[in-house]
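The next block holds one structure in the form of structure tokens; read it before the comments.
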2 protein chains.
Amino acid sequence: MRRVPTQERSRQRLERILDAADQIFSEVGYDAATTEQIAERAETSIGSVYQFFPNKSALFEALCQRYLERAQSLFERLLERTTLADSPSWSKIVDDMIDAFWSFHVDQPGFRAVWVHQNISAQLIAAGDAVNQAIATRAEEVMAFFAPDVPRSKRRIAASIVVETISAILFVAVRREPDEAKRLVAELKQMVRSYLSTILPA
Amino acid sequence: MRRVPTQERSRQRLERILDAADQIFSEVGYDAATTEQIAERAETSIGSVYQFFPNKSALFEALCQRYLERAQSLFERLLERTTLADSPSWSKIVDDMIDAFWSFHVDQPGFRAVWVHQNISAQLIAAGDAVNQAIATRAEEVMAFFAPDVPRSKRRIAASIVVETISAILFVAVRREPDEAKRLVAELKQMVRSYLSTILPA
DNA sequence: GCAGAATGTGAGGGTGTCCTCATCTTTGTC
DNA sequence: GACAAAGATGAGGACACCCTCACATTCTGC
């Protein structure tokens, strides 16, 4: 970012620009989106956009980063709440997790739109992978709580595939009709549960 | 397509253009790819590219269509071979299916590259969905053979999520280190098997 | 209420790509 | 081998978008 806003007016403008970028990129895709269009939607001038971001791609990346941060913080909040509760079953945790991320996708339709089917830099892909990795690592810790004797390597790959599957299927589900999506999410829970029951004790 | 080639020379040129497009789009993405660059890689002139395709996006779509056809025909060939063999277990069929599609991804790296993280038209997304749907429908028939009493609606959603999961996780696996990918594929089989065993008889 | 810092503006320069078309080359047929 | 049809070529027109920068406006501390 070129300039970090200090005044309130500027902070709001930056927020408006990011929101506008979110909308435009979601609607028409990275290429078709023009910086002029984004400025217009943000009710500001093209010059202001370039006050904050050195170029179009930096604007897009900032937007993606914002989504990644939101996703990760959602997961952290969820875990905090869970560990505080008096040890529920792991299947309950899985269900809650899936529900929470499903809500995330539904509430923030731009997330899928900007993340999939856009030109994403290798750097950004790595950032996305890192978030999934971080989530998987935390998930592995939860698994360790329920099954301390399962070897670490086994836990690692299991956590990884569970996180990736949930992530991938939710991405698919967003595109379906609401009814079909609901059923997909239900079956996703079922699948993850039956897989994990081969590893974790009931 | 603007012109369908009748002479052999022309057919080969068209093939070269599609192959070049495959490479360039894979390497740099849809936007960054230029039609001039594609023509050069195909060892032909820009004019020839536009003899066959009305514009850049039509070229890209033709490329995607070629991949979809290849994927679907792979599945059909696989099923033909399977039904001819004397009724193996369903878990064997699942494993073979996953292996075959994994090879497809590995052998045709361009498939993932052009399909994910590119600007794909809604029309093309629908085409991709249609292929997955078609595969799911055939998978459902196979399930019907092993579990005739499971209600149709249940079979449908199960087939759908299995196909989507396999498709999604293989897309993820391609990006991993070979070792990690191998483990992911192995766990994918495990997951699908344990899910299906809640539906199909052993 | 004033100086100066911070912020905002938008017309236009520069760049690069898509695609056309007039012209040339190859292929097939009699 | 001559003629027509099919195929191939690539310089350049047209267009659209990114980004700059000189100037205007707003804010802040004194």
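First the proteins, then the strands, lettered A, B, ... as listed; each starts at 1.
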Exercise. 5' to 3' on DNA chain C, which nucleotides open and close the contacts with chain B (atom under 4.0 Å from a heavy atom)?
Worked result: C/dT17 to C/dT27

For this session: Would you mind classifying the nucleic acid contact of A/Arg11 as base, sugar-phosphate or nothing, using non-hydrogen atoms under 4.0 angstrom?
Result: nothing

Seminar exercise, completed: note: A/Leu59, atom CG; D/dC18, atom C1'; distance rounded to Å ~ 13 Å

Exercise. 5'-most contact on DNA chain C: B/Glu8 or B/Lys56, nearest heavy atom basis?
Worked result: B/Lys56

For this session: Could you verify whether a donor N or O on one side chain and an acceptor N or O on the other, from B/Ser197 and B/Arg193, lie under 3.5 Å apart?
Result: no

For this session: Mind telling me whether B/Tyr30 and B/Phe25 have parallel, tilted or perpendicular rings, with 30° and 60° as the class edges?
Result: parallel

For this session: Go through A/Arg77 and A/Glu80 one step at a time and tell me if the side chain to side chain contact (heavy atoms under 4.5 Å, CB included) criterion holds.
Result: CA-CA 5 Å; A/Arg77 281 202 312 277; A/Glu80 259 172 50; 5.6 Å; no

Exercise. Does anything in residues 163-173 of chain B pair up under side-chain hydrogen bond (donor to acceptor under 3.5 Å, both in side chains), and if so which pairs, sequence neighbours excluded?
Worked result: A/Arg176-B/Glu164, B/Asn132-B/Glu164

For this session: Give a yes-or-no answer on whether the side chains of B/Gln108 and B/Arg70 include a donor-acceptor pair shorter than 3.5 Å.
Result: yes

Exercise. If you measure from the Lys or Arg side-chain nitrogens to the Asp or Glu carboxylate oxygens, is any gap between B/Arg175 and A/Asp129 under 4.0 Å?
Worked result: yes

For this session: Would you mind checking if A/Glu69 and A/Arg66 are paired as a salt bridge, meaning a charged N to carboxylate O distance below 4.0 Å?
Result: no

Exercise. Can you name the nearest heavy-atom pair linking A/Ile166 to A/Ile98, along with the distance?
Worked result: CD1-CG1, 3.8 Å

For this session: Measure from CD on A/Gln37 to C1' on D/dC18 and round the result to the nearest Å.
Result: 14 Å

Exercise. Nucleotide by nucleotide, 5' to 3', does protein get under 4.0 Å of the base (B), only the sugar-phosphate (S), or neither (-) in nucleotides 1-11 of chain D, counting heavy atoms?
Worked result: -----SSBBBB

For this session: Answer with base, sugar-phosphate or nothing: what part of the nucleic acid does B/Ala33 contact at a heavy-atom distance below 4.0 Å?
Result: sugar-phosphate

